[in-house]
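Proteins get letters first, then strands, A, B, ... in listed order; numbering begins at 1 in each.
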Amino acid sequence: MKHMETKKFTLLDIDYITEDERPVVRLFGNIRGESKNKSIIALDRKFKPYIYVIPENKNDFNDCIMDLRELDIESIETVQKVDVKKKIQVLKVFFKHPQDVPKLRDKIWDLKSVEEIREHDIPFYRRYLIDNGLFPMDDVEVKGKTIEKSLENSSRSPHILTFEIEDKPLHLEPSDSKLNIMSFDIEVRNPEGMPQADRDEIIMISLASNFGLKKVLSTKESTFDYVETLKTEKEMINRFVEIVNSYNPDLIVGYNSDNFDFPYINERANKLGVSLDLGIDGSKLKFMRRGFANAAFMRGRIHVDLYLLMRRYIRLDRYTLERVYKELFGEEKKDIEGDILWKYWDAEGEKLQKLFEYSMDDAVAAYKISEKILPLNMELTRIVGQPFFDIARMATGQQVEWFLIRKAFEYNDLIPNKPSQREHSRRKSERAVGGYVKEPEKGLHENIVYFDFRSLYPSIIISKNVSPDTLINSEIGENSSDYHTAPEVGFKFLKKPVGFVPSIIGKVLEERTKIKNLMKQSQDPLEQRVLDVQQEALKRLANSIYGVYGFSRFRWYSIECADAITAWGRDYIKKTMEKAELFGFHAIYADTDGFYAVYKQTQT
DNA sequence: ATGTGGCGGGG
DNA sequence: GTGTACGCCACAT
């Protein structure tokens with residue numbers, strides 16, 4: 001027996017590489033209990049990609065298995081899964097490589113012996129997290145051995161350890177280690193309209209952090225001691241890379257950095273012949289097309305673009321850094337108009353010094369915003385269980401979907417497929433009816449009372465057991481005590497057993513109550529703050545689950561569920577308004593889950 | 001009413 | 001990369 005070492009680390013990032021035509025999962029983390037800033041890359045060669053195949057013939061899988069054996073797959077197992085509350089036998093088909101899945105899945109689906117395939121579009125690293133019960137931002141314990149070979153870029157990144165996992169990785173309780181967070185911002189000299197990377201140089205790169213780093217890199221000198229002057233733009237960018245690698249931050253945040261700062265630095269670096277080795281494994285900064293927008297990433301660190309988060313979490317007319325800063329902190333931030341910024345740079349003297357101040361301020365503002373918004377997103381990461389990088393770029397509905405996917409795995413449920421193009425357009429034509437709205441009565445009202453339901457939709461889902469797997473599709477007898485019937489729309493839902501989605505919302509709310517109780521018991525204000533963020537994240541999640549029924553591109557889409565929920569919602573609010581009227585309260589305005597009312601003399 | 005196109009943030 | 005995608009507003013038809 002070989003001697004096995006154990007390593008514990010906070011899981012920050014995950015991907016896979018290919019070695020000898022086989023996938024190798026890489027877990028990136030921050031090692032606890034050792035000198036700070038130490039990173040680990042843990043390699044796991046044992047995880048295999050797979051999909052589920054539902055054979056046409058339910059009694060005899062042999063034809064199907066024989067057809068599958070013709071293809072270049074790894075192996076086949078028969079397993080039991082649950083599909084819409086029914087236990088069924090399915091084939092679990094393993095592949096040699098994740099990229100074989102898109103190559104072979106259409107062929108498999110086209111086989112006569114195959115009725116349907118499932119779970120064929122789950123990215124490999126996400127599958128790994130789900131199947132191993134691992135949660136990013138939590139801790140992982142791995143057993144295995146340290147690999148001796150050093151990294152190519154080890155001179156620049158001296159704190160990296162590569163590790164070979166020999167056993168199943170283990171999920172540990174939430175980490176209490178503090179992550180190193182660095183913000184950055186660039187300034188560009190652009191006298192002719194918007195900055196263009198092929199002609200306009202970078203003049204400043206400002207950095208702020210929670211580990212003592214606070215400086216502005218620039219090609220001009222300053223009286224401020226936070227300014228470090230470099231001879232050329234090329235040296236300045238090189239210095240930026242050097243600083244990132246020596247301080248080794250876990251998180252890098254910027255404002256619109258996905259679509260401006262990082263692409264801009266990248267283009268300038270290419271032009272000047274600088275290698276942007278910002279990954280902990282020495283790899284370069286890379287970009288992903290995500291529909292209309294870019295996402296910038298470096299392996300092993302988490303880049304978060306705060307602009308995206310702010311758009312999701314606060315409702316504003318504009319989302320400029322200045323506007324957002326004022327909203328969060330109630331004070332104005334120094335601002336220099338973009339089109340005249342170059343004049344400050346050219347001015348020298350006091351005007352130039354103002355530009356240094358402005359640049360520093362931007363990085364500090366970005367850092368302060370991250371302090372406000374990252375804790376909630378870290379909690380969401382821990383609950384949803386996908387990488388922080390992804391969570392920070394996912395719409396709420398997507399977060400809910402990945403949360404449900406993980407839960408489905410835990411329940412041994414087969415995950416529904418994403419809608420096809422055709423199904424998607426069909427769904428779009430059936431628009432769900434929304435909540436009840438009573439237009440406000442004109443006039444100035446005094447002594448207004450407000451009434452609202454606490455978590456109306458989650459409560460309806462739980463109390464009426466609204467779920468695709470409890471929805472009664474067929475005509476059913478008159479035994480109405482067995483099911484709930486939605487008003488207006490008439491959809492029926494079994495009272496028992498508890499449906500998939502109601503069960504999950506129930507657990508989320510249960511967990512939230514538990515945390516709120518802990519919060520009350522706690523004497524430690526810091527712990528209370530942490531718990532408060534946790535319960536807030538759970539509340540957000542519970543409230544957003546309703547959405548997956550009504551959005552056409554979701555796996556758990558169900559117009560019946562969406563319509564039933566809003567129908568019950570309208571029913572509750574209207575009945576409550578009627579009741580209130582009897583007690584002399586007249587509603588003047590209502591929307592979905594609450595109403596405003598004025599008190600009138602009761603009629604006699 | 002329905003469809004199409006552009007834009008957001010960044011300097 | 002088991003990729004491929006937003007949501008809102010203005011303006012036109």
- When you check the phosphate oxygens OP1 and OP2 of C/dC6, does a side-chain N or O of A/R289 lie under 4.0 Å from one of them? no

- Message: Working to the nearest 0.5 angstrom, can you tell me the gap between A/M137 CE and A/M378 CE?
- Response: 4.5 Å

- Is the Lys NZ or Arg CZ of A/R427 less than 6.0 Å from the centre of A/F551's six-membered ring, within 45° of the axis? no

- Whole-Å C1' distance, C/dC6 and B/dG9: 14 Å

- Message: According to salt bridge (charged side-chain N to carboxylate O under 4.0 Å, His left out), who are the partners of A/R312, at least two apart in sequence or on a separate chain?
- Response: none

- A/K92 charged N/C atom sitting above A/Y50 aromatic ring, 6.0 Å / 45°: yes

- Query: Within the structure shown, what part of the strands sits under 4.0 Å from A/F95 by heavy-atom distance: base, sugar-phosphate, or nothing?
  - Reply: nothing

- Task: Check salt bridge (charged side-chain N to carboxylate O under 4.0 Å, His left out) between A/E332 and all other residues, then give those that pass, not counting sequence neighbours.
- Result: A/K326

- Message: Between P on C/dT2 and CG on A/N417, what's the gap in Å once rounded to a whole number?
- Response: 17 Å

- Please give, in whole Å, the distance from C/dA5 C1' to A/N294 CG? 13 Å

- Item | Set of ring-ring contact (aromatic ring centres under 6.0 Å, His included) partners for A/Y457, sequence neighbours left out | A/Y546

- Message: Suppose we screen for ring-ring contact (aromatic ring centres under 6.0 Å, His included). Which residues come up paired with A/Y128, at least two apart in sequence or across chains?
- Response: A/F47

- Query: Mind checking what makes salt bridge (charged side-chain N to carboxylate O under 4.0 Å, His left out) contact with A/D305, not counting sequence neighbours?
  - Reply: none

- Message: According to side-chain contact (heavy atoms from CB on, under 4.5 Å), who are the partners of A/T232, at least two apart in sequence or on a separate chain?
- Response: A/K234, A/E235

- C/dG1 and C/dA5: how far apart are their C1' atoms, nearest whole angstrom? 15 Å

- Rounded interatomic separation in angstrom, taking CZ from A/F554 and C1' from C/dC6: 11 Å

- Would you jot down, in residue-number order, the residues of residues 100-128 of chain A having a non-hydrogen atom under 4.0 Å from DNA chain C? A/V101, A/P102, A/R105, A/E119, A/H120, A/D121, A/I122, A/P123, A/F124, A/R127

- Query: In whole angstrom, what separates A/I14's CD1 from C/dG1's C1'?
  - Reply: 14 Å

- Task: Measure from CG on A/L129 to P on C/dT2 and round the result to the nearest Å.
- Result: 12 Å

- Contacts satisfying ring-ring contact (aromatic ring centres under 6.0 Å, His included) that involve residues 328-352 of chain A (not counting sequence neighbours) are A/Y325-A/F329

- Query: Do you know the tightest heavy-atom contact between A/S218 and A/V227?
  - Reply: CB-CG1, 4.4 Å

- Task: Please work out the stems of DNA chain B from pairs that are Watson-Crick or G-U wobble with both distances under 3.5 Å, keeping only runs of three or more consecutive pairs.
- Result: B:1-8 with C:6-13

- Task: Spell out protein contact along nucleotides 5-11 of chain B as letters: B when the base is contacted, S when just the sugar-phosphate is, - when no protein heavy atom is under 4.0 Å; keep the 5' to 3' order.
- Result: ---BBBB

- Out of curiosity, A/L207 CG to A/F184 CZ, how far, rounded to the nearest 0.5 Å? 9.0 Å

- Distance col, row A/D362:CG vs A/E187:CD, nearest 0.5 angstrom, shows 5.5 Å

- Task: Could I get the full list of side-chain contact (heavy atoms from CB on, under 4.5 Å) partners for A/E21, not counting sequence neighbours?
- Result: none

- Tell me which residues in residues 385-412 of chain A put a heavy atom below 4.0 Å from DNA chain B, sorted by number, or none. none

